[in-house]
Trainee: 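This structure is in structure tokens; I'll ask about it shortly.
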Amino acid sequence: TSVISALLTDTRNSRRGRRKNVGEFRDMGDLAARLHTELIRGTLASHSCPPNDELARCLGVDEPAVEAALRELAAIHGVVLHPHICRPWVAHPFCFTPTMHWVERDGRGWWAPCLWCAFGVAALAGGEVRIHTRIAAESDAIVIAVRDGRPEAAAPLWVHFAIPPSKAWNNVHQHCALVVPFRSVDAIDRWCASEWDDGITRSSSSSIAGIVRSAGSSIGSVSRPRSA
């Protein structure tokens, strides 16, 4: 079984474990599903999160209805809301505050919560994009050229998942912050051994090619949660 298959199995198992509490994407109401679609579409078009009043106009409802649908999406991890206001903070694969991962196209772009999500943004955006990120989240800045969701060159990079996807929602911000690139598997081992004393240990890793396949296969459920 490949690393990516194991990661996707982790995610499926995690969702099964949550079903009785928060349901699946397919169980969401019609307005929440339409809201999610409009949120992704609007973010792609405007390079920023559509405000609630704009979402309300597009959907033909009032703002309280939008807020109720956002809370429904948050309950099934379709979005992450700001803790102090009913506004999206994260709608995977997008983040609406600055992160280390910037996906650039035609001089504009989008922030992604992690490198996996950055390739998801690239797949949604299509065409020629550039992913700006940093090796090990430190000082070594790199740019990954991507065309139609796939790297133009086979960069010898690896991505580490320090926290299994099945546990991501224990602290999704920490999980995403730790999904970063490395130049080798040995570098991941050294980083884990030297940087962490809070229980973060060596876990699953994947080549960039594996991440691209995974991001591409999962982006449909992220961007179109009610599709079959």
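Numbering starts at 1 and runs along the sequence shown.
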Trainee: Roughly how far, to the nearest 0.5 Å, is the CD1 atom of Ile40 from the CD atom of Glu38?
Mentor: 10.5 Å
Trainee: Please step through ring-ring contact (aromatic ring centres under 6.0 Å, His included) for the pair His173 and Trp89, ending with a clear verdict.
Mentor: CA-CA 11 Å; His173 302 295; Trp89 182 1; 4.3 Å; yes
Trainee: Could you list the residues that satisfy side-chain contact (heavy atoms from CB on, under 4.5 Å) with Ala74, not counting sequence neighbours?
Mentor: Val79, Leu81
Trainee: So which heavy atom on Val180 is nearest to which on Ala137, and how close?
Mentor: CG1-CB, 4.0 Å
Trainee: Who passes ring pair (Phe, Tyr, Trp, His ring centres under 6.0 Å) against Phe96, sequence neighbours left out?
Mentor: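 Partners of Phe96 by the ring pair (Phe, Tyr, Trp, His ring centres under 6.0 Å) criterion come out as none, since no residue qualifies.
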Trainee: Test Trp169 against Val80 for side-chain contact (heavy atoms from CB on, under 4.5 Å), laying out the working first.
Mentor: CA-CA 10 Å; Trp169 287 94; Val80 179; 3.7 Å; yes
Trainee: With sequence neighbours left out, what residues match Arg183 under side-chain contact (heavy atoms from CB on, under 4.5 Å)?
Mentor: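 Expected list: Ile135, Asp140, Ile142, Leu157.
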Trainee: Do any N or O atoms from the side chain of Arg105 and from the backbone of Gly127 form a donor-acceptor pair under 3.5 angstrom?
Mentor: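 Not at all, since once roles are kept as given, no pair shorter than 3.5 Å links the two residues.
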Trainee: Taking only residues two or more places apart in sequence, or in another chain, which ones meet Thr133 in a side chain to side chain donor-acceptor pair (under 3.5 Å)?
Mentor: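 Checked Thr133 against side chain to side chain donor-acceptor pair (under 3.5 Å); matches are His101.
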Trainee: Work out which heavy atom in Val103 is nearest to a heavy atom in Ala118; give both atom names and the distance.
Mentor: CG2-O, 3.7 Å
Trainee: Show me, pair by pair, the donor-acceptor contacts under 3.5 angstrom made by side chains of residues 48-56, not counting sequence neighbours?
Mentor:
residue	atom	partner	partner atom	Å
Asn52	OD1	Arg87	NH1	3.4
Asn52	ND2	Cys86	O	2.9

Trainee: Give every residue pair that meets the salt bridge (Lys or Arg N to Asp or Glu O under 4.0 Å) criterion with at least one member in residues 107-126, sequence neighbours excluded.
Mentor: none
Trainee: Show, in sequence, the C-alpha distance, side-chain angles and deciding distance for Val121 and Phe119, and conclude whether the side-chain contact (heavy atoms from CB on, under 4.5 Å) test is met.
Mentor: CA-CA 5 Å; Val121 173; Phe119 278 103; over 6 Å; no
Trainee: Do you know which two heavy atoms are closest between Leu35 and Ala69, and how far apart they sit?
Mentor: CD2-CB, 3.5 Å
Trainee: Can you name the closest pair of heavy atoms from Ala136 and Phe182 and give their distance?
Mentor: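 Where Ala136 meets Phe182 most closely, the heavy atoms are CB-CE2, 3.5 Å.
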Trainee: Using the test ring pair (Phe, Tyr, Trp, His ring centres under 6.0 Å), find all partners of His47 that sit at least two apart in sequence or belong to another chain.
Mentor: Trp110
Trainee: For the side chain of Thr99 and the backbone of Ala112, is there at least one donor-acceptor N/O pair under 3.5 Å apart?
Mentor: yes
Trainee: Can Ser184 and Trp158 be counted as having a side-chain donor-acceptor contact under 3.5 angstrom?
Mentor: no
Trainee: Where do Cys176 and Cys114 come nearest, in terms of heavy atoms and distance?
Mentor: O-CB, 3.3 Å
Trainee: Tell me who clusters with Val143, hydrophobic residues only, linked when side chains sit under 4.5 Å apart either directly or through other members.
Mentor: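 So far as hydrophobic clustering goes, Val143 is joined with none.
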Trainee: Compare every heavy atom of Ala122 with every heavy atom of Val146, then report the nearest pair and how far apart it is.
Mentor: CG1-CB, 3.9 Å
Trainee: Donor-acceptor pair, distance only, cut-off 3.5 Å: does the side chain of His175 make one with the backbone of Ile163?
Mentor: yes
Trainee: Considering only heavy atoms from C-beta outward, does the side chain of Val172 approach that of His92 to under 4.5 Å?
Mentor: yes
Trainee: Considering residues at least two apart in sequence or located in another chain, which fulfil the side chain to side chain donor-acceptor pair (under 3.5 Å) criterion with Ser139?
Mentor: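 Applying side chain to side chain donor-acceptor pair (under 3.5 Å) to Ser139 gives none.
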Trainee: Listed by chain and number, what are the side-chain contact (heavy atoms from CB on, under 4.5 Å) partners of Trp102, not counting sequence neighbours?
Mentor: Glu104, Trp111, His132
Trainee: Kindly determine whether Phe161 and Leu178 satisfy side-chain contact (heavy atoms from CB on, under 4.5 Å), including the steps that lead there.
Mentor: CA-CA 7 Å; Phe161 292 80; Leu178 291 169; over 6 Å; no
Trainee: Taking only residues two or more places apart in sequence or in another chain, which ones pass side-chain contact (heavy atoms from CB on, under 4.5 Å) with Ala145?
Mentor: Glu152
Trainee: Are Arg34 and Thr37 side-chain neighbours, meaning at least one heavy-atom pair lies under 4.5 Å?
Mentor: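 Sidechains of Thr37 and Arg34: no contact.
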Trainee: Residues two or more places apart in sequence or in another chain: which of them pass salt bridge (Lys or Arg N to Asp or Glu O under 4.0 Å) with Glu63?
Mentor: none
